[in-house]
**Q** 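Below you will find the structure I want to go over with you.
Every chain is numbered from 1 and lettered A, B, ... according to where its sequence line falls, protein lines coming before strand lines. A quick note: this is a predicted structure, and the numbers were derived from the prediction, not measured.
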2 protein chains.
Amino acid sequence: MTPEEFRIAGHRLIDWIADYRSRVAELPVMARTSPGEIKAALPAAPPDGPEPFLEILADLDRIIMPGLSHWQHPGFFGYFPSNGALASVLGDFASTGLGVLGLSWQSSPALTELEEVVTDWMRQMTGLSDAWSGVIQDTASTCTLVALMCARERSTNYSLARGGLQAEAQPLVVYVSAQSHSSVDKAALLAGFGRENVRVVEHDSEYAMVPKALEAAILQDLEAGRNPCAMVATTGTTASTAIDPIEAIVRVAKQYGLWLHVDAAMSGSAMILPECRGMWQGVESADSLVLNAHKWLGVAFDCSLYYVRDPEHLMRVMSTNPSFLRSSADGRVKNLRDWGLPLGRRFRALKLWFMIREQGVAQLQNRLRRDLENAQWFANEVRKAPNWRVLAPVPLQTICVRHEPLGLEGEALDAHTTAWVERVNRSGAAYLTPAILEGRWMVRVSIGAIPTERKHVAALWELMRREAEGWTQS
Amino acid sequence: MTPEEFRIAGHRLIDWIADYRSRVAELPVMARTSPGEIKAALPAAPPDGPEPFLEILADLDRIIMPGLSHWQHPGFFGYFPSNGALASVLGDFASTGLGVLGLSWQSSPALTELEEVVTDWMRQMTGLSDAWSGVIQDTASTCTLVALMCARERSTNYSLARGGLQAEAQPLVVYVSAQSHSSVDKAALLAGFGRENVRVVEHDSEYAMVPKALEAAILQDLEAGRNPCAMVATTGTTASTAIDPIEAIVRVAKQYGLWLHVDAAMSGSAMILPECRGMWQGVESADSLVLNAHKWLGVAFDCSLYYVRDPEHLMRVMSTNPSFLRSSADGRVKNLRDWGLPLGRRFRALKLWFMIREQGVAQLQNRLRRDLENAQWFANEVRKAPNWRVLAPVPLQTICVRHEPLGLEGEALDAHTTAWVERVNRSGAAYLTPAILEGRWMVRVSIGAIPTERKHVAALWELMRREAEGWTQS
C-alpha cells in the first residue's frame, strides 16, 4: 500500500470509526456469537494474491462486528471501563503511523523524553511527590510481576547475579489478600515464589486487608525461618472496590523490611480528584505502584503507568547492555529498555499526551465526578428498592448488588442471580459481569464508560428490576 | 472529543501520516537531538483547560518530529527493520478505534477467534506443521521469558503450585550462546535461574552454537548435581545472523530432557520463503518458538508470534480463573489471558489480518526476496573493495562489515570504525548501528525497510566508502 493508497483508505477508515462511535449505542452491547462461529466464517488459509482494501473493510462489518462486545457503548457496565477517548485514539494513530521504536533513547529520543514528561504530568495530576519516577508498561499484570521481581532482588541482594532464587536458603514470602487481583497471585507464582509462600491475609467486613493480621502472618513466617519479602495492597479491588489501609500497612511493611507494591490499576484514575486521595493515604512510603491510564481515565489500551521510588534498583534488575544498543548518549539519558520486561516499545506517550491536552485536567476531573455521582445515585436507588441489597461500600464507581427475593438463598439465589444477569446481557441494552463475593454470586455494576450519562444508568436500573423481579413474579 | 470532531481531526491526521510517509526520505534518518532538548521544549505541568487539536498537531511537527529517528526511512539500516506496512497500520487503527479488549473469549469473541485464525495462517506461511498453536504477544523478550518460565515448570513438575523455584534442591540450568540476544540472558535472570546457572555454550567460527559443546556442558552440570532445564537456540542472531544448528541441538535437548526454545525473532520472517526453511531444520522438535511479525515482515509493532507444541502446559503455567472472568463459554473456547503474562490485550490480530490480505503471500515473499538480493549485492561490493571485509556469513539481510585500512588495528581500528559510522549517521542520509563481534567494533548493515530499494543500498555503500576512506586519506 502506497502513501497515496493509504490516504484514500485511511479516510474511509476514519469515517468508519467515527460512524461506529456515533452509532455504537444502537448495537447490542454483548456479542451474541457462539464459540467457533467467527472462525468458521474466515478462510482457513491465507490468500496468495492481494485483496482490495474495501473488501477487507466489508469483512470487518460482515464477520468481525457481530462478534464484538462493545466496550465503548454507553450500556457497558461490565468488567471495568476501558475507555478509548477519541483524542487518545488519534495519539495512538500518530504512534502507529510514525512507526518509530524505543529500544534506547538514541533509537528515537522524543519517544523517551515525551514519556518522561507525560508520566510526570500524571504524577502531578494524582498528587504524588516528585520522589516518584514513572514509566509506561502494557498492563498492570506486567507491572505487578516487575514489582515482585524487584522485591525478590532487593530481599536477596541481587541473587540474579549469583545463584538465582533457587540458591536462597530461606524461602521468600509474599503477602496478598483474598481480594487482590488474580494477576497478583499469577505474578507471585511466575516470579518463582511458589503458592506455599503466598500468604493470604485476612480482610474485614468491608473487604479491606487487616494490618494486624498482616503483622501476625509476618511474625509467624519469621518464626518458621521464612523471609517476608513483599506485600501487595490494593486501592480499589476488582470485585468490590475495597480500599486496603495503606498507611497502616506501610508501617508494618517498613518495620519488617517488606517491599510494598500498591495496585491502583482501576482506582488510580480517581486520584486526579483531590477529594479521593485519602483513599491511598500513606502511598508515599510504598516502593512501587501501578495505575492504568487505559481504564476509567480514558487512554486507549495499553497504557499502564508504573511508578517507583528507586529507579536505580529497577534498572539494576531489568538492565541489559548489548553492544548494538549502546550509544554515545548513554549515561546522560533514560534507556527505557531497562525499565521493564520488553526491549522494544511503541510511542505510547503520544496517546496520553494527546488526551490530557485535548481534554485538560479540569474536564477529565469533571467526567470522573459525573461517574461518581451516578454511582451514588444508583446505589441509593438500589438501597431504596425492596429485596435489593448493596453488598459493599461504594467509594468510587462500582456497585456490588444482589436481588434477594424472600425465601431464596444458597444455590437457588446463585441460580437466580446468574439467570437474570444473563437476561440483561442477552437483551443487548446493557452488559454486566457477575462475580463471587464471600462465596456467593453477585453483580458488579461498573459505571464509567465515557458516553454513559445518568439516563443510561437509570435505564440500566429499570432493566435490572424488570429482569430480576419479573422472573420471581412469574 | 465527539465522533464528529474526531472525524475532522482524523482526516487531518491521515493526511499528516500520508504526507509523512511520502516525504520521510527527505528527513535526516537519525535524530540529531541532544539529551534533554525535547523535554525542555515541553511544559513541565499539564494544562488545566482544553487545547485545540490543531495546536497539538502543530507541536507534533515542531517539538516531536525533530527528535525522531525514522524507522520507516529508506535509509534506515540500523538495528533491524521494524516495518509498519501501511495496511497493517490501518488494521491497528481499526483496533484502537474499536477499543475492545480481550480478557477472555467472552469479552470480545472475534478478537480471540481472528487471532486463532491469523496465527494459524502464519503457521502455514512459515511451513510449520499443525502441531503448533500460536498466540500474539508484545515482544520476543516477553515470549522468551514465558518460554523459560514454562521450561522451569516442566522441569520441576509445577513447583509454582508448591514451594516455587526456591524449594528446588538441584539448581536448574539454562544453556545459551554468547551470540544469543540480550533478552535471553535477561529472561533467565528474571525467571529466577541466576547468572551462575546460565551456561554460555561455545560457538564456531561462523558464530553458530557447537552442539558437542552443548552436550559437554550438560554432562558437566549433571555430574555436579545440577539439573539441565532449558536451552535457547537462535535462527539468525542479532549481531551477525548466525544460524544455530537446530537439528543437532534438538537431539541433545531431547536426550537430556531439555526444553528447546527457538528464537527466530528477526529471521523467522524469512521462513515464508520455502528456500530459507533449511535454516531452522529440526524446529518441529522444539518446544516453543518466537518470530516477530513486527520486524522485517512488516506488521506495525507490536506483534510477536509465540508458538508452542503443548498449549495445555502453557495454560497450566499462565492461567488464573477469577470469578469476574468466568463465563458460560469457558471450556469450549480459548481464553487468551491464559496464554501469556498480561490479562488485557488489544485486538492485535487485525493488523496482521489486514496486511496479509492487502499484500497476499506472494507479494510479501517478493519483498523479502528483493531484500535478500540487495544484501548479496551489497556483500559482493564490500568483498570487492580494497581494505573492506565482510566479517560473517550473509544468510539473510544483515551484513557485518569493517573497513580495515592498512596498519590500523586494536583500539585504533575501533576508533576508526565508530568515528566513520558516526559521520554516516550524522549525514542524515543513512542510519547504521555498530556492534561488537569478537571483541571489536564492526558495522551491521541491516537491509529490509519497506521503501529500501537497490538504489538506496547503492547510495549507502557510496556514503560508507566516502566517510570511511576519506578520513584515512586526510
Side-chain angles (χ1 to χ4, degrees), chain A residues 1 3 6-7 10 14 17-18 21-22 31 33 35 38-39 42 46 48-51 64 67-69 72 82 84 86-87 92 96-97 99 101 108-110 113 117 121 139 141 160 163-166 182 186 189 192-194 196 300 320 322-324 332-333 342-343 356-357 360-361 435-436, chain B residues 1 3 6-7 10 14 17-18 21-22 31 33 35 38-39 42 46 48-51 64 67-69 72 82 84 86-87 92 96-97 99 101 108-110 113 117 121 139 141 160 163-166 182 186 189 192-194 196 300 320 322-324 332-333 342-343 356-357 360-361 435-436:
Chain A
M1 183 177 274
F6 168 84
R7 194 188 300 271
I14 289 291
I17 295 169
R21 292 294 189 110
S22 296
T33 329
I38 309 288
K39 215 169 144 176
L42 292 161
D48 196 54
E51 300 184 54
I64 304 299
L68 298 181
S69 297
Q72 310 304 321
S82 176
L86 287 167
D92 202 50
T96 309
L101 223 59
S108 253
E113 296 199 9
V117 169
W121 283 11
T139 64
S141 304
L160 52 64
L165 186 57
Q166 43 190 358
S182 56
K186 179 169 173 174
L189 301 193
F193 291 95
E196 290 165 9
T320 56
S323 61
F324 53 86
R332 292 176 295 150
V333 295
L343 169 58
I356 295 174
R357 293 187 64 182
V361 176
I436 291 175
Chain B
M1 182 177 273
F6 167 83
R7 194 188 302 272
I14 290 291
I17 295 168
R21 292 295 188 110
S22 298
T33 329
I38 309 288
K39 214 170 145 177
L42 292 161
D48 197 52
E51 298 183 55
I64 304 299
L68 298 181
S69 298
Q72 310 304 321
S82 177
L86 287 167
D92 202 51
T96 310
L101 223 60
S108 254
E113 296 198 10
V117 169
W121 283 10
T139 63
S141 305
L160 53 65
L165 186 56
Q166 43 191 355
S182 56
K186 180 169 172 173
L189 301 192
F193 292 94
E196 289 165 10
T320 56
S323 61
F324 53 85
R332 292 177 296 149
V333 295
L343 169 57
I356 295 174
R357 294 188 62 184
V361 175
I436 292 174

**Q** Let me know if B:Thr139 has heavy atoms under 4.5 Å from chain A in its side chain, its backbone, both or neither.
**A**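 Interface part for B:Thr139: side chain.
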**Q** If every non-hydrogen atom of A:Lys39 is compared with every non-hydrogen atom of B:Glu113, which pair is closest and at what distance?
**A**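 Closest heavy-atom pair between A:Lys39 and B:Glu113: N-OE1, 2.8 Å.
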**Q** At their closest point, which heavy atom of B:Phe6 faces which heavy atom of A:Ile14, and how far apart are they?
**A**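 Smallest interatomic distance, heavy atoms only, reads CE2-O, 3.8 Å.
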**Q** Under 4.5 Å, counting heavy-atom pairs only, tell me which of B:Ala87, B:Ala300, B:Pro342 racks up the most with chain A.
**A**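 If we count pairs closer than 4.5 Å to chain A, B:Pro342 comes out on top.
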**Q** I'd like to verify something: which residue of A:Val117, A:Val333, A:Ile356 has the highest number of heavy-atom pairs under 4.5 Å with chain B?
**A**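 Of the options given, most contacts go to A:Val117.
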**Q** Report the option among B:Arg7, B:Arg21, B:Gln72 that has the most heavy-atom pairs separated by less than 4.5 Å from atoms of chain A.
**A**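 Of the candidates given, the most pairs with chain A belong to B:Arg7.
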**Q** Highest number of heavy-atom pairs under 4.5 Å with chain A: which of B:Pro35, B:Gly84, B:Gly10?
**A**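 Highest number of heavy-atom pairs under 4.5 Å: B:Pro35.
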**Q** Name the option with the most non-hydrogen atom pairs under 4.5 Å to chain B; the candidates are A:Ala18, A:Ser141, A:Ser22.
**A**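 When all of A:Ala18, A:Ser141, A:Ser22 are compared, A:Ala18 has the most.
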**Q** At their closest point, which heavy atom of B:Pro109 faces which heavy atom of A:Ser69, and how far apart are they?
**A**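 Looking at all heavy atoms of both residues, the closest pair is CD-OG, 4.3 Å.
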**Q** Of all the heavy-atom pairs spanning B:Gly97 and A:Ile17, show the shortest one and how long it is.
**A**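 Taking B:Gly97 first and A:Ile17 second, the nearest heavy atoms are CA-CG2, 3.8 Å.
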**Q** Give a yes or no on whether the backbone of B:Leu165 and the side-chain of A:Gln166 come within a donor-acceptor separation of less than 3.5 Å.
**A**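 Judged by distance alone, no pair lies under 3.5 Å.
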**Q** Against chain B, work out which of A:Gly192, A:Gly164, A:Ser82 has the most heavy-atom pairs shorter than 4.5 Å and name it.
**A**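 Greatest number of close heavy-atom pairs with chain B: A:Gly192.
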**Q** Does any heavy atom of chain A fall under 4.5 Å from the side chain of B:Ile64, the backbone, both, or neither of them?
**A**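 It is both, since atoms from each part get that close.
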**Q** Quick check on B:Ala31 against chain A: is it the side chain, the backbone, both or neither that has a heavy atom closer than 4.5 Å?
**A**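 Backbone plus side chain of B:Ala31, per the 4.5 Å heavy-atom cut-off to chain A.
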**Q** Closest heavy-atom contact between A:Thr96 and B:Asp92?
**A**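 Here A:Thr96 and B:Asp92 meet closest at OG1-OD2, 2.7 Å.
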**Q** Heavy-atom distance under 4.5 Å to chain B: side chain of A:Leu68, backbone, both or neither?
**A**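 For A:Leu68, heavy atoms of backbone and side chain both lie under 4.5 Å from chain B.
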